[in-house]
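Single-structure report; data block below.
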There are 2 protein chains.
Amino acid sequence: MKKTPIDKTDIGILNALQLNGRISNRQLGSTLHKSESAIKVRVQHLQEAGLIKRFAAIVEPKLLGRGLIGYVQVIVERHTEQDLTAFMEKAKALDEIMECYHMTGAFDFLLRIAVADMDEYSKVLMKKLGNLPGVRHFESFFVMSEVKNETAYSIGE
Amino acid sequence: MKKTPIDKTDIGILNALQLNGRISNRQLGSTLHKSESAIKVRVQHLQEAGLIKRFAAIVEPKLLGRGLIGYVQVIVERHTEQDLTAFMEKAKALDEIMECYHMTGAFDFLLRIAVADMDEYSKVLMKKLGNLPGVRHFESFFVMSEVKNETAYSIGE
DNA sequence: GTTGAAAACGGAGCCTA
DNA sequence: TAGGCTCCGTTTTCAAC
């Protein structure tokens with residue numbers, strides 16, 4: 001069905017496609033010394049195996065009215081399965097929450113919020129995050145400047 | 001030179017390309033009621049204007065030996081420009097640091113680290129993060145499970 | 001690999017503000 | 001008249017055999 005082990009060619013494909021998701025199979029083949037068809041089936045397999053989740057255009061939120069990025073640490077009231085899953089379901093549904101992780105340590109969830117400005121953040125915090133179920137405590141931290149934001153994992157193997 | 005205002009067609013293009021970066025111009029045109037050529041020049045303009053930063057394959061780090069994600073809060077010794085820029089330059093150069101933000105509030109930088117496992121994290125912390133210049137304090141938090149990780153900003157205008 | 005289909009590219013001409 | 005569009009021929013890429 002699918003090949004689990006990854007070889008050097010797959011690594012080359014993954015590294016290249018992470019940097020340019022629109023590179024042609026032919027061009028990939030010429031740098032990796034494989035035929036276009038060989039590249040094609042490998043890319044398909046990488047997608048079916050879930051190594052490539054999707055192809056996406058990476059946009060600049062600053063230029064699209066989502067320039068304020070905040071990270072929010074969340075502590076919930078009780079750590080029952082119902083409460084945790086209820087929180088997670090609601091978090092997934094909110095457009096302003098770009099990322100949500102269940103964390104180890106001093107807090108339970110870490111959220112990445114993207115909004116236009118502090119006015120909107122204030123509204124989101126009160127009207128939306130405030131209504132998330134079972135929350136005991138929020139603490140917000142804001143991004144002043146983005147030093148690095150890399151989507152491409154450098155794969156060496 | 002370039003068109004700053006974004007219209008409804010651009011919004012449609014951006015929303016679609018964020019979800020599928022490999023959708024064809026022709027297909028985009030048919031849903032947005034424009035010709036293939038019109039879509040093509042708009043996508044070019046969106047790239048030149050920096051609204052689209054790049055196209056990328058989004059991969060699954062768990063399947064690529066980068067399954068442990070940690071967030072690290074960093075407090076630096078002094079907030080001089082030299083110290084801050086020195087830290088940022090070094091952070092940018094480290095492959096394990098996928099994201100680095102200069103933050104407001106109780107700590108100075110937030111790092112997203114992707115490594116294979118706790119053994120590797122321990123080494124990275126001591127050998128690499130420990131050598132970042134001017135650091136006073138680290139605090140690490142780890143992702144137990146990823147509830148949501150969205151790269152597509154929903155653009156409404 | 002080869003071949004037919006599909007998509008991208010690039011230019012000419014049209015329409016509108 | 002400049003910007004944006006459509007139309008269409010050419011080149012490149014895709015996809016199936």
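Every chain is numbered from 1 and lettered A, B, ... according to where its sequence line falls, protein lines coming before strand lines. Note that the structure is a prediction, hence the values are computed from the model and not measured.
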Between A:Lys40 (side chain only) and A:Ser35 (backbone N and O only), is there a donor and an acceptor less than 3.5 Å apart? no
Under a 4.0 Å heavy-atom cutoff, the residues of residues 14-24 of chain B touching DNA chain C are B:Ser24
Residue pairs meeting salt bridge (charged side-chain N to carboxylate O under 4.0 Å, His left out), one or both in residues 117-132 of chain A, sequence neighbours left out, come to A:Glu96-A:Lys128
Rounded to whole Å, the CD1-P distance (A:Ile39 to D:dA16) equals 17 Å
Rounded to whole Å, the CD1-C1' distance (B:Ile13 to D:dC5) equals 13 Å
Problem - Exam field: side chain A:Lys148 to backbone B:Cys100, donor-acceptor pair closer than 3.5 Å - result: no
**Prompt:** Should the ring pair A:Tyr71 and B:Tyr71 be called parallel, tilted or perpendicular, given that the plane angle runs from 0 to 90° and is split at 30 and 60?
**Reply:** tilted
Could I get a table of every N or O pair under 3.5 Å where one atom is in the protein and the other is in nucleotides 9-15 of chain C?
from	atom 1	to	atom 2	distance (Å)
C:dG10	O6	B:Ser37	OG	3.3

To the nearest angstrom, the NZ-P distance between B:Lys34 and D:dC7 comes to 13 Å
To the nearest angstrom, the CD-P distance between B:Gln27 and C:dA7 comes to 8 Å
Q.
Against the six-membered ring of B:Tyr153, is A:Arg66 placed for a cation-pi contact (under 6.0 Å from the centre, within 45° of the normal)?
A. no
Whole-Å distance, B:Arg42 CZ to C:dA8 C1', equals 18 Å
